[in-house]
Amino acid sequence: QLGRYDEALQASREVVRLSREALGPEHPDTLTSLNNLGGLCLEMDDFDEGVRVFEELVPLFKRVLGPDHPDAIVSTANLGRAYLEVKRFGEAQELLESALHKLEIQLGPDHPYVVSMLSNLVTAYLSCGNNERAREATAELLGIAQESRNSLRAGKIYGGVAAVALKMLEHHEYVTAERCARECLSFREQAMPDSWLVFNTRSMLGAALLGQGKFSEAEPLLVDGYEGLKARESTIPPQGAMRLPEALERLVELYTAWGRPDEAANWQTVAEKMTNETLQETGTTEHAQDGGIAAKPNEEADPRPKSPE
């Protein structure tokens, strides 16, 4: 799989080179090929090259098409996201704020791409220590979700809510994480009751309660979340693969914090067995981290389109 990705990247770079030579650096086809290369870099998590590509592309789009052209705005947002991934948080925040305001006007606040940008902006705020602004942006996102609950876009919008819940958990914003997880769980239990996403959301809600010391409320959600994910393991896509060990780790954390060491030890044994099985399947130790639980991707099922629909 990695080899095919490398081939795709090399082919995309070659298209850019040929377009520049044949058509010039500012020809629309050259800009399109450069944009495609940048999008492929983001898709493949090659964020360093993504930064280089979009740093070149953004000023070209603005000069050729104008700063308010959708392509210029989207490329600005993609550069902001690339900055976010390479931990240039202040620059990411500035670009995402600017692009979000313009795209909300052009596409509407409930467009999935706008929701994805808002989710990324919450991450930027949290990473910059602007937790109050992150909470405000989250409240905006929850309002959009509630108003769009019966729309065809609701599933994608609530994916953005789930992603924000996960970020809030990572930054110990447990009250806001609880709000997001409860709202998302209410939607998913109604719209997709047997989906693995329902049980992942239950686990996230349990984690938010665990962070607030509400152990008895957290326990049934965490147990049910893990067991539901385990029963649906075959349906979890690759980008969500770490949600199962993550749910298991939360159970270890619960019983450790609750002062129930025997139960914590039992769940730790299950976690270690899962890690060993994963290592045997992959033939590598690179995924092991944080006490035997593998590293998780940034978001539940990262809602990050490269351009608007």
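Values in this document were obtained by computation on a predicted structure and should not be read as measured data.
Listed here is the closest heavy atom pair of Ala247 and Ser203: CB-OG, 3.5 Å. For Leu210 against Ala257, the heavy-atom pair with the smallest separation is CD1-CB, 4.4 Å. The two residues Cys180 and Val164 make their nearest non-hydrogen contact at SG-CG1, 4.0 Å. Looking at every heavy atom in both residues, Ser148 comes nearest to Ala154 through O-CB, 3.3 Å. The two residues Leu96 and Arg81 come nearest to each other via the heavy atoms CD2-N, 4.2 Å. Closest approach of Tyr113 and Val74 over heavy atoms only: OH-CG1, 3.4 Å.
Atom CZ of Phe199 and atom CG of Leu221 lie 11.5 Å apart (nearest 0.5 Å). A distance of 7.5 Å separates OG in Ser33 from CG in Leu31, rounded to the nearest 0.5 Å. Considering CG of Leu79 and CG of Leu42, their distance stands at 9.5 Å, rounded to 0.5 Å. The CG atom of Asn35 sits 7.0 Å away from atom CG of Asn78, with the distance rounded to the nearest 0.5 Å. From Ser116, atom OG reaches atom CG of Leu103 across 11.0 Å, with rounding to the nearest 0.5 Å. One finds the CG atom of Leu185 at 11.0 Å from the CG atom of Leu197 (value rounded to the nearest 0.5 Å).
The stretch residues 169-191 participates, sequence neighbours left out, in these ring pair (Phe, Tyr, Trp, His ring centres under 6.0 Å) pairs: Tyr158-Phe187, His172-Tyr174. For residues 194-206, the salt bridge (Lys or Arg N to Asp or Glu O under 4.0 Å) pairs, not counting sequence neighbours, are Glu189-Arg202, Asp194-Arg232, Arg202-Asp224. Pairs engaging residues 225-254 under the ring pair (Phe, Tyr, Trp, His ring centres under 6.0 Å) rule: Tyr226-Trp267 [sequence neighbours left out].
With sequence neighbours left out, the salt bridge (Lys or Arg N to Asp or Glu O under 4.0 Å) criterion links Lys214 to no other residue. Not counting sequence neighbours, the partners of Asp68 by the salt bridge (Lys or Arg N to Asp or Glu O under 4.0 Å) test are Lys102. Every residue meeting the salt bridge (Lys or Arg N to Asp or Glu O under 4.0 Å) condition with Arg250, not counting sequence neighbours, appears here in chain and number order: Glu246. In this structure Thr269 satisfies the side chain to side chain donor-acceptor pair (under 3.5 Å) test with no other residue, sequence neighbours excluded. With sequence neighbours left out, Glu253 forms a salt bridge (Lys or Arg N to Asp or Glu O under 4.0 Å) with no residue at all. Partners of Lys230 according to the side chain to side chain donor-acceptor pair (under 3.5 Å) rule, which considers only residues two or more places apart in sequence or in another chain, are Glu233. Looking at residues two or more places apart in sequence or on another chain, you find a side chain to side chain donor-acceptor pair (under 3.5 Å) between Asp110 and Arg153.
Formation of a donor-acceptor pair under 3.5 Å by the Ser98 side chain with backbone atoms of Leu95 is not found in this model. In this structure a side-chain-to-backbone donor-acceptor pair under 3.5 Å is missing from Ser186 to Arg182. Of the possible polar contacts, none joining the Ser119 side chain to the Val115 backbone as a donor-acceptor pair under 3.5 Å is found. Between the side chain of Thr275 and the backbone N or O of Ala271, at least one donor-acceptor pair lies under 3.5 Å. A donor-acceptor pair is defined here as one N or O able to donate and one able to accept, closer than 3.5 Å; no such pair exists between the side chain of Ser12 and the backbone of Ala8. Here the side chain of Asn276 pairs a donor or acceptor atom with the backbone of Glu272 at under 3.5 angstrom. Thr30 places a side-chain N or O within 3.5 Å of a backbone atom of Ser19 that can act as its donor or acceptor partner.
The shortest side-chain heavy-atom distance between Arg243 and Leu166 falls under the 4.5 Å cut-off. Looking at Cys41 and Leu9, their side chains come closer than 4.5 Å, going by heavy atoms from C-beta outward. Two residues are said to be in side-chain contact when any heavy atoms from C-beta on lie closer than 4.5 Å; Trp258 and Glu263 fail this criterion. Looking only at side-chain heavy atoms (C-beta outward), Val15 and Asn36 stay at 4.5 Å or farther from each other. In this structure, the side chains of Val114 and Leu118 stay at 4.5 Å or more apart for every pair of heavy atoms. Between Glu249 and Met242, every side-chain heavy-atom pair lies at or beyond the 4.5 Å cut-off. Within the 4.5 Å cutoff, the side chain of Met168 has heavy atoms near those of the Val122 side chain.
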Pairs of donor and acceptor atoms involving the side chains of residues 52-66, under 3.5 Å and at least two apart or interchain, shall be tabulated with distances.
{"unit_1": "Glu55", "atom_1": "OE2", "unit_2": "Tyr83", "atom_2": "OH", "d": "2.6"}
{"unit_1": "Glu55", "atom_1": "OE2", "unit_2": "Arg88", "atom_2": "NH2", "d": "3.4"}
{"unit_1": "Glu56", "atom_1": "OE1", "unit_2": "Arg20", "atom_2": "NH2", "d": "2.9"}
{"unit_1": "Glu56", "atom_1": "OE2", "unit_2": "Arg20", "atom_2": "NH2", "d": "2.4"}
{"unit_1": "Arg63", "atom_1": "NE", "unit_2": "Glu26", "atom_2": "OE2", "d": "3.0"}
{"unit_1": "Arg63", "atom_1": "NH2", "unit_2": "Glu26", "atom_2": "OE2", "d": "2.8"}

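One hydrophobic cluster, built from ILVMFWY side chains closer than 4.5 Å, holds both Val86 and Leu37. Hydrophobic clustering places Met192 together with Leu244 (ILVMFWY residues linked when any side-chain heavy atoms are closer than 4.5 Å, directly or through intermediates).
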query: Can you check side-chain contact (heavy atoms from CB on, under 4.5 Å) on Gln212 and Glu217, steps first, answer last?
result: CA-CA 10 Å; Gln212 298 174 70; Glu217 293 180 61; over 6 Å; no
- request: Could you walk me through whether Leu169 and Met204 pass side-chain contact (heavy atoms from CB on, under 4.5 Å), step by step?
  value: CA-CA 8 Å; Leu169 288 175; Met204 287 196 293; 4.2 Å; yes
field: Verdict with supporting geometry, Glu277 and Lys273, side-chain contact (heavy atoms from CB on, under 4.5 Å)
entry: CA-CA 6 Å; Glu277 290 173 351; Lys273 180 181 178 181; 3.2 Å; yes
- request: Verify side-chain contact (heavy atoms from CB on, under 4.5 Å) between Thr138 and Arg179, making sure each step is shown before the conclusion.
  value: CA-CA 9 Å; Thr138 300; Arg179 289 182 60 204; 5.8 Å; no
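Heavy atoms from other residues, nucleotides or ligands lying under 6.0 Å from CD of Glu14 number more than 12. Shown here is Glu21, whose CD atom has more than 12 heavy atoms of other residues, nucleotides or ligands within 6.0 Å.
For the 3.5 Å distance criterion, the side chains of Arg13 and Gln10 qualify, holding a donor opposite an acceptor.
Hydrophobic clustering, defined by side-chain heavy atoms of Ile, Leu, Val, Met, Phe, Trp and Tyr closer than 4.5 Å, groups Leu84 together with Phe89.
Salt bridge Glu170/Lys167: present, at least one basic N to carboxylate O contact under 4.0 Å.
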